[in-house]
Amino acid sequence: MTVRIDTTRGELIAERELNAPRAVVFKAFLDPQQVACFWGPVGMPVPATGVKLEAWAGGAFETLMVSDDDGSEHLMRCTFVEIVEPELIVFKEHAMGLTSRMMLDEFAGGRTRLRVVQSDVPAEIVGPDVLAGFGSFLDELAAYVETL
């Protein structure tokens, strides 16, 4: 797994190999019940009722993350820009204005490489906590899809 920031381009780039077929991983990202099982960093789970997902270009993608520490809530509101089954999901986050491109490549043996590129990442959110949080999200995803 790699998670890094390209400050010259304002991008967060993450890659992770997953022990699950591409179609399974793709479906997990577009099923609200499954998204609730892995979305968000460690310590910020998403309740099953906290996901709104309209899987088409122009459709809504919202997740309500709740802090284990103090119960505070963080609502992420996005709009899907493009969905190409089973290889690409693109959405734009409203509050920060960043765009996420999730690309799925299939490997032999039923494995998948997920590559996420977030563009227009605000400089004020870039730091070790963001990188660690994104890494923990990828760990949660990897553990979840291995159970499918």
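Below, all heavy atoms of this structure are taken into account, side chains as well, without hydrogens, waters or symmetry copies.
Remark: Lys27 NZ is loosely packed, at most 12 non-hydrogen atoms of other residues, nucleotides or ligands lying under 6.0 Å away.
Side-chain contact between Ile83 and Phe26: present, with at least one pair of heavy atoms (C-beta onward) separated by less than 4.5 Å. Side-chain contact check for Leu114 versus Phe29: some heavy-atom pair is nearer than 4.5 Å. A heavy-atom distance below 4.5 Å is not found between the side chains of Arg4 and Thr2. Annotation: side chain of Arg16 is in contact with side chain of Asp139 (closest heavy-atom distance under 4.5 Å). The side-chain heavy atoms of Gln33 and Val51, taken from C-beta on, include no pair separated by under 4.5 Å. The shortest side-chain heavy-atom distance between Leu148 and Gln34 falls under the 4.5 Å cut-off.
Sorted pairs that involve residues 41-57 and meet side-chain hydrogen bond (donor to acceptor under 3.5 Å, both in side chains), not counting sequence neighbours, are lacking altogether.
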Exercise. Starting from the C-alpha separation in whole Å, work towards a yes-or-no answer on side chain to side chain contact (heavy atoms under 4.5 Å, CB included) for Val130 and Leu12.
Key: CA-CA 9 Å; Val130 169; Leu12 181 146; 3.9 Å; yes

Practice problem: Take Asp70 and Ser72 through the test side-chain hydrogen bond (donor to acceptor under 3.5 Å, both in side chains) and record every step on the way to the result. | Solution: CA-CA 6 Å; Asp70 62 12; Ser72 61; 2.7 Å; yes

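Of all non-hydrogen atoms in Val35 and Ala28, the two that sit nearest each other are CG2-O, 3.4 Å. The minimum heavy-atom distance linking Asp120 with Leu98 is given by the pair O-CB, 3.7 Å. Pairing each heavy atom of Ala23 with each of Pro86, the nearest pair is CA-CB, 4.4 Å. Residues Met65 and Pro41 share a closest heavy-atom pair of SD-CD, 4.0 Å. Residues Lys92 and Gly97 approach most closely at NZ-O, 3.0 Å, considering heavy atoms. The two residues Pro47 and Leu64 make their nearest non-hydrogen contact at CD-O, 3.2 Å.
There is a path of hydrophobic side-chain contacts, each under 4.5 Å, that joins Met76 to Leu131. Hydrophobic clustering (ILVMFWY, side-chain heavy atoms < 4.5 Å, transitive): Met1 and Val116 are in one cluster. Using a 4.5 Å cut-off between side-chain heavy atoms of Ile, Leu, Val, Met, Phe, Trp and Tyr, with links allowed through other members, Leu88 and Leu138 fall into different hydrophobic clusters. Tracing side-chain contacts under 4.5 Å through hydrophobic residues (I, L, V, M, F, W, Y), one never reaches Val42 starting from Ile125; they form parts of separate clusters. Hydrophobic clustering (ILVMFWY, side-chain heavy atoms < 4.5 Å, transitive): Leu141 and Val24 are in one cluster.
Under a 3.5 Å cut-off, the side chain of Arg77 and the backbone N or O of His94 do not form any donor-acceptor pair.
Judged purely by distance below 3.5 Å, without hydrogens or angles, the side chains of Ser119 and Glu11 never pair a donor atom with an acceptor atom.
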